[in-house]
Amino acid sequence: MTHEENMTSGKSDGKQTNQRSWATKIKKVFQRKKTTSIKKEKMLRQTPEILPFLQIHNDYILLKNGVMDILQIQTKNIHALNDTDLNVLLLNRTRFLRSYFRSYKEIILNFPANTEAQRTYWLKKRKQTTSPIRLEYIDQKLLEFDFLERERSNREFFILVYADDKQELTDRKNDAIQGMQQSFPLTELSRAKKEQILFLLNNQNTKL
C-alpha cells in the first residue's frame, strides 16, 4: 500500500471514529434526558396528617390548633319581606358583622331532603284507615317522599366558630348567637349532624 493510500485509509478511519464518538455522546445525552424526565412517584401523606380535626364531641370539635364548633343558620325568605322588614334585617346583619371580629367561617352545603316527619305522620294515618281509596292516596304520598329523598336536596347554611380553648369557644358561641338573634338566628347541632358536615366538607364529590 502506498503512502497516499495509507493517508486516505487513516482519514476514513478517523472519520468513522469521530462519528462513533459523536453517536455515543448523543446517545448518552438522550439517555440522561430520558432518565431525568421520569418523575419519582410521591407518596401521599396520611389523611390524619392533612386534616386539622382530632376529636369530635357533643359541644365542640378538637383541632390540632385550638377548638371549633358548628352552628346552623336559620334562613328566611327575603323575597317575601317588604322593604321595611328587609332593611331592618340587613341592618341587624350588618351590626353583627361589625361587632363580631373574631375568627369564623360561613359555609353552604346541600343535604338530601329529609321527609322523616311527614313519613311518620302518613304511616300513622295508614294504620288507622281501611278505606282503599285512602290507602291508595297514602301510598302515593309515601312514593313521593321516596322520590324527594332520592332526587332533591336542601341547601343549608352553617357558621364555624373558632377559639383557643373550650371556655373561650363557649363565650364566642354565645356572642355569635346573641349577635345573630335579630337577623338569622343560630341553632345548636347534634353530633351526628356535625359528622355529616365534616364528611361533606372533606368529600365534596360524595353524597350522603
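Because only heavy atoms are used, hydrogens play no part in the values below, and waters and symmetry mates are left out as well, while side chains stay in.
- Around CG of L143, the count of heavy atoms belonging to other residues, nucleotides or ligands within 6.0 Å exceeds 12.
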Apply side chain to side chain contact (heavy atoms under 4.5 Å, CB included) to the pair R98 and T94, showing each step before the final yes or no.
CA-CA 6 Å; R98 290 178 176 175; T94 303; 3.6 Å; yes
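- Counting non-hydrogen atoms of neighbouring residues, nucleotides and ligands closer than 6.0 angstrom, the CD atom of E136 reaches no more than 12 such neighbours.
- Within the 4.5 Å cutoff, no side-chain heavy atoms of K141 are placed close to those of Q118.
- Interatomic distance, CG of N58 versus CZ of R191, reported as 6.0 Å (0.5 Å rounding).
- Linking Ile, Leu, Val, Met, Phe, Trp and Tyr whenever their side-chain heavy atoms come within less than 4.5 Å leaves I78 and V88 in two separate clusters.
- Few gaps surround CG on N82; more than 12 heavy atoms of other groups in view lie less than 6.0 Å from it.
- Other residues, nucleotides and ligands contribute over 12 non-hydrogen atoms within 6.0 Å of the CG atom of D165.
- Contact annotation: the side chain of R126 approaches that of D139 to within less than 4.5 Å [non-hydrogen atoms, C-beta and beyond].
- Linking ILVMFWY side-chain heavy atoms closer than 4.5 Å, directly or via other members, places L89 and L186 in a single hydrophobic cluster.
- Ion pairing between a basic and an acidic side chain is recognised when a charged N comes within 4.0 Å of a carboxylate O; D175 and R102 show such pairing.
- No donor-acceptor pair closer than 3.5 Å links the side chain of K166 to the backbone N or O of L62.
- The cluster map of Ile, Leu, Val, Met, Phe, Trp and Tyr, joined by side-chain heavy atoms under 4.5 Å apart, puts I56 and I197 in the same cluster.
- Under a hydrophobic-cluster definition in which Ile, Leu, Val, Met, Phe, Trp and Tyr are linked whenever side-chain heavy atoms come within less than 4.5 Å, directly or via other members, F158 and F199 are assigned to the same cluster.
- A distance of 11.0 Å separates CZ in R119 from CD in E144, rounded to the nearest 0.5 Å.
- Counting heavy atoms from C-beta outward, R93 and Q182 have side chains that stay 4.5 Å or more apart.
- Using a 4.0 Å cut-off between a side-chain N of Lys or Arg and a carboxylate O of Asp or Glu, D69 and R172 do not qualify as a salt bridge.
- L71 is not connected to F101 by any chain of hydrophobic side-chain contacts under 4.5 Å among Ile, Leu, Val, Met, Phe, Trp and Tyr, and they are in different clusters.
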Test log, rule side chain to side chain contact (heavy atoms under 4.5 Å, CB included), inputs E156 and L109
CA-CA 5 Å; E156 300 183 17; L109 295 174; 5.7 Å; no
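- Counting heavy-atom neighbours within 6.0 Å of E116 CD, excluding the residue itself, gives a total of 12 or less.
- Here the NZ-CD1 distance, from K127 to I138, works out to 12.0 Å after rounding to the nearest 0.5 Å.
- Side-chain contact between F157 and F184: absent, with no pair of heavy atoms (C-beta onward) separated by less than 4.5 Å.
- Checked by atom type and distance alone, the side chain of S99 pairs as donor or acceptor with a backbone atom of F96 at under 3.5 Å.
- A cation-pi geometry, defined here as NZ or CZ lying under 6.0 Å from the six-membered ring centre and within 45° of its normal, holds between K193 and F111.
- Atom-to-atom distance recorded for Y60:OH and I70:CD1 is 14.5 Å, nearest 0.5 angstrom.
- Of all heavy-atom pairs between E149 and T115, the closest is OE2-OG1, 2.7 Å.
- Within a 6.0 Å radius of NZ in K76, more than 12 heavy atoms belonging to other residues, nucleotides or ligands are found.
- Between the NZ atom in K125 and the CG atom in L123 there is a gap of 12.5 Å [rounded to 0.5 Å].
- Of the possible donor and acceptor atoms, none in the side chain of N110 sits under 3.5 Å from a partner among the backbone N and O of S153.
- Nearest heavy-atom pair, L169 versus Y162, reported as atom, atom and distance to 0.1 Å: CD1-C, 4.3 Å.
- Here the CG-CG distance, from L198 to L160, works out to 8.0 Å after rounding to the nearest 0.5 Å.
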